[in-house]
Chemist: 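Handing you this structure, nothing more for now.
Numbering of ligands and ligand atoms starts at 1, following listing order. Residue numbers count from 1 along this sequence.
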Amino acid sequence: MSNQEIAERLYDIADMLEIEGVQWEPRAYRTAAMTILTLNTDVTVFYNEGRLTELEGIGKSISKSIEEYIKTGEISKYEKLKKKYPIDFESFRKVRGLGPKRAYLLYKKLGIKDTHSLAYAIEKHKIMSLEGFGEKSEKELAKNLDTFLKLKENRKPLGYVIDYIENLVTSLRKNKLFERVELAGSTRRMRDTVGDFDILAVSSNPEDAMELFSKMKGVTNIVVKGPTKTTVDLDIGLSCDIRIVKMASFGSAMQYFTGNKDHNIKLRKIAISKGLKLNEYGIFRGTKKIAGQTEEGVYKTLGLDMMQPELRENMGEVEASQHHKLPKIVEYNEILGDLHTHTRDSDGANSLEDLAEYAHNLGRRYIALTNHSAGLKIANGLDEERFRAINKKIDSFNSKSEIMVLKGVELEILKDGSLDLSNKILSEMDFVIGAIHQNLKMSPSDLTGRLIKAINSGRINAIAHPTDRMIGEREALPLNFDKVFDACEKNNVLIEINGFPNRSDLPFDLVKRAKEHGGIKFSLGSDAHRLEHLKFIRLSTAIARRGWLTSKDVVNTISYKDLLKLRR
Ligand code: DGT
Ligand code: CA
Ligand code: CA
C-alpha cells in the first residue's frame, strides 16, 4: 500500500460523489488526496502515531476512510460507489476534457469503462452522435486520449519518488549484509522523470542480501531474483533493479549504471580509440585491469575530467571534459531563496508565518510569496486590495523575522498578452512572475506573441513555468523559444525553473539552450502550495545543474538585498 494508492482512492471517491451531485465533499476528498499524494512520509506513519488529522485537509471522516484502507485494504464508501460506477476514473482524470460527469455519460450511454473501450468507441465514431458531444468533441477526445496513452509510458516525476527511494537506500545501508549501497541510473542523474530505480551494492553474502532486498517493505512483486541482479516491483508503481558488484569494480559499475546510455557509448568509443576496453567491470588493456575501483579513476584513465552525474546526458559534456572546459555548475547549498510560493491567501494551504518558518528550517534565507492574481479564479486569485493587505503583513513580518519575504505575485498573462493587475500595484511589488494558465488553445505564433508582449511590458521579473507542460497530462506549449529568449535577454526578464515535480519547467535541454543564447538569467521556485512542497527547490536546482548553469546564472544565489535591487 502506498500514499499514491490511497490518494487515487480518495480522488475516485471525489469523482463519484461529484456524479452523485454531492455538494462540498468532492472538494474535501480532493484536498485530502493532494495532501497525501505529495506527502514525503508514508501516511501509515501518521496513522500509527494517531496523527492523521494533523494533515492538511484531513478531518475526522476522511481519516476514518484512510484508517479503513490501511486496516482492510478497502474503503466501504468507495466500494459501494464503485458498484454503481465501475469506471477507470484514475486514467480518465488524466485525459483532458473528460471530467467525471462526462465519463459517467459515456458509461451510461455506451458502456465505456476504461481507455480501451473509449478508444474503440472513438474508432467506431460512436461518440459524435451522443447528445452533448458532436464531431468536434469526439476529435478532441481522440487527441487527448492519444496524448494520455503516449505520455503514460510508466515514468514518474522524480520529485514525487525521490524521498521514497532515498529512504529505502538508507534502510539498506543500516543492514550489516551490505557494505555499500548507492543509487545510480536516472535518479542519480536527477532526471525529471524516472523509469525505474537502479541500486548498486557490495555484499560478501549476496544470497542473503538479495533475500533481504526482495522481502523489503514496499515490494509488491519479484520480477527476477539472482545473486548478482534482482528486480522487484515497488508499491509506488516503479520497479527497482539492484546489482551486487565487487568493491574492486564499484567505480566502473557506478559509472556504467549511472549512464546515460549515450554518454556510456561515447566513453566506450574513447576507450577503444586509446586501445582500451571499457565495461561495467573496469578499464582493461588487454587482460590487465587498469581502472575501475573509483569513478574518478575511470574518467581520468580516459583523459576526462570527472563530472557531476547531472551532466551525463551526452549533450556535449564528454567533449567539454576532454578539453577541461566543464562548467562549475551551481551547488544545491548555494540556493539562498525560493522565488515561487503560495499561501492560503490564494490556493496554498498554509499561512505566511508557517511557510516562512518551514523554508527557514530548510535553510532558505528568503522566499518570494507569489500568490495568484484575480484573473485566475479557480485558484482564488487576489485583487489589488487583498495584495495590499498581504504586503502590509509582509512588512510587519519582515521587521521581526530572520527569514525575509519578498512581496510577490504570480500574475496572469491575459489572452491578449496584457497583465492582470494595474501598474500601480505592480510597482509596490518586489518580485513579479508572469504566467500563462488559461486560454491555451492558440496558434504557436499567437501564444509566442502573447508571452513576448508580457515580457516587453517592463512590469514582470520572470516568466513562470514557461512551457506550461504537465508531465503525463499536457505537452509543452508550442512556443518559439528563440524569440522568447531574445525578448527575455533584451528586457532582463528571468526564466523560471519551476521545481514542482509534474511541471519541472523549463526542462533542462531548454535551460541549456537558453544559457547558450546568452544574456539570460534564471530564477528557481518550488511553486509550493503547502509546507512539504518547499523541498521541491531541490528539483529546480537539479534542472539548473542539468542545464549547465553556474551560480552566476541563478539569481537565487544572491542576497535578499541584492534581489530587491533587481526590481528597481
Ligand atoms: P530510466 O530508468 O528510463 O529512468 O533511465 P536510466 O538511465 O536509469 O536507464 P536504465 O535503468 O535502463 O539503465 C541504467 C543505466 O545503465 C543507463 O543509464 C546506462 C546503463 N545502460 C543501460 N543499457 C545500456 C546499454 O545498452 N548500453 C550501455 N552502454 N549502457 C547501458
Ligand atoms: Ca533506471
Ligand atoms: Ca534499470
Chemist: Compute the shortest N/O to N/O distance between I265 and ligand 1 and return yes if it is under 3.5 Å, no if not.
Modeler: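 No.
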
Chemist: Is the side chain of S504 donor-acceptor paired with the backbone N or O of D192 at a distance under 3.5 Å, no angle test?
Modeler: no

Chemist: Could you check atom 9 (O) of ligand 1 against the protein and tell me its nearest heavy-atom contact, residue, atom and distance included?
Modeler: D198 OD2, 4.7 Å

Chemist: Is ligand 1 less than 4.0 angstrom away from at least one heavy atom of T258?
Modeler: yes

Chemist: Apply the side-chain contact (heavy atoms from CB on, under 4.5 Å) test between V484 and each candidate in L447, T467, L451, V493; give the one that qualifies.
Modeler: L451

Chemist: For H437 together with H465, are the ring centres under 6.0 Å from each other?
Modeler: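 Yes, the ring of H465 comes within the 6.0 Å limit of the ring of H437, centre to centre.
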
Chemist: For ligand 1, which atoms have a heavy atom of V194 less than 4.0 angstrom away?
Modeler: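 Selected atoms, number and element: 4 (O).
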
Chemist: Quick one: nearest non-hydrogen protein atom to atom 17 (C) of ligand 1, plus distance?
Modeler: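 I find the closest protein heavy atom is G259 CA, 4.0 Å.
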
Chemist: Return yes if a side-chain donor-acceptor contact under 3.5 Å exists between N221 and D233, otherwise no.
Modeler: yes

Chemist: Considering non-hydrogen atoms of the protein only, which is the closest contact for atom 8 (O) of ligand 1, and what is the distance?
Modeler: S186 N, 2.9 Å

Chemist: Give me the nearest non-hydrogen protein atom to atom 23 (N) of ligand 1 as residue plus atom name, then the distance to 0.1 Å.
Modeler: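 Answer, as residue, atom name and distance: K261 CD, 4.3 Å.
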
Chemist: Test side chain to side chain contact (heavy atoms under 4.5 Å, CB included) on K246 and V202 and set out the steps.
Modeler: CA-CA 6 Å; K246 295 262 179 317; V202 177; over 6 Å; no

Chemist: Hey, could you give me the CG/OG distance between N279 and S252, rounded to the nearest 0.5 Å?
Modeler: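 If we round to the nearest 0.5 Å, N279:CG and S252:OG are 7.0 Å apart.
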
Chemist: Does atom 25 (C) of ligand 1 have a protein heavy-atom neighbour under 4.0 Å away?
Modeler: yes

Chemist: Please check: side-chain N/O of N498 versus main-chain N/O of D505, any donor-acceptor pairing under 3.5 Å?
Modeler: no

Chemist: I'd like to know whether ligand 1 has H263 as a neighbour, heavy-atom separation below 4.0 Å.
Modeler: no

Chemist: Does the structure place the NZ or CZ of K515 under 6.0 Å from the centre of the six-membered ring of W548, at an angle of no more than 45° from the ring's axis?
Modeler: no

Chemist: Please check if the side chain of T187 supplies one atom and the backbone of L183 the other of a donor-acceptor pair under 3.5 Å.
Modeler: no

Chemist: Could you list which atoms of ligand 1 come closer than 4.0 Å to a heavy atom of N264?
Modeler: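 Listed by number with element, the hits are 19 (C), 20 (C), 29 (N), 30 (N).
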
Chemist: Under a 4.0 Å heavy-atom limit, does D196 contact ligand 1 with its side chain, its backbone, both, or neither?
Modeler: both

Chemist: Considering residues, nucleotides and ligands other than F481, do more than 12 of their heavy atoms fall under 6.0 Å from its CZ?
Modeler: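 Yes, CZ of F481 has more than 12 neighbouring heavy atoms, counting only those of other groups under 6.0 Å.
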
Chemist: Just by distance, with hydrogens left out, do D553 and T550 show a side-chain donor and acceptor under 3.5 Å apart?
Modeler: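 Judged by distance alone, the side chains do pair up.
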
Chemist: With a 4.0 Å cut-off on heavy atoms, is R191 in contact with ligand 1?
Modeler: no

Chemist: Walk me through it: do E313 and R546 pass the test salt bridge (Lys or Arg N to Asp or Glu O under 4.0 Å)?
Modeler: CA-CA 8 Å; E313 293 288 338; R546 290 166 56 76; 2.9 Å; yes

Chemist: Examine the side chains of H533 and D527 and answer whether a donor and an acceptor come within less than 3.5 Å of each other.
Modeler: no

Chemist: Starting from atom 3 (O) of ligand 1, which protein heavy atom do you reach first, and at what distance in Å?
Modeler: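 The answer is R155 NH1, 2.9 Å.
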
Chemist: Hey, which atoms in ligand 1 end up nearer than 4.0 Å to a heavy atom of G185?
Modeler: 8 (O)

Chemist: Write out the residue and atom name of the closest protein heavy atom to atom 14 (C) of ligand 1, then the distance separating them to 0.1 Å.
Modeler: F257 O, 3.7 Å

Chemist: What protein heavy atom lies closest to atom 7 (O) of ligand 1? Include the residue and the distance to one decimal.
Modeler: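 Nearest protein contact, heavy atoms only, for atom 7 (O) of ligand 1 is R189 NH1, 2.8 Å.
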
Chemist: For Y332, look at atom OH and say whether over 12 heavy atoms of other residues, nucleotides or ligands are found less than 6.0 Å away.
Modeler: yes

Chemist: Taking the Ca ion (ligand 3) as the centre, how many protein N/O/S atoms fall inside a distance shorter than 3.0 Å?
Modeler: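 With waters ignored, the protein N/O/S count below 3.0 Å is 4.
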
Chemist: Nearest to atom 28 (C) of ligand 1, what protein heavy atom do you find, and at what distance?
Modeler: Y256 OH, 3.4 Å

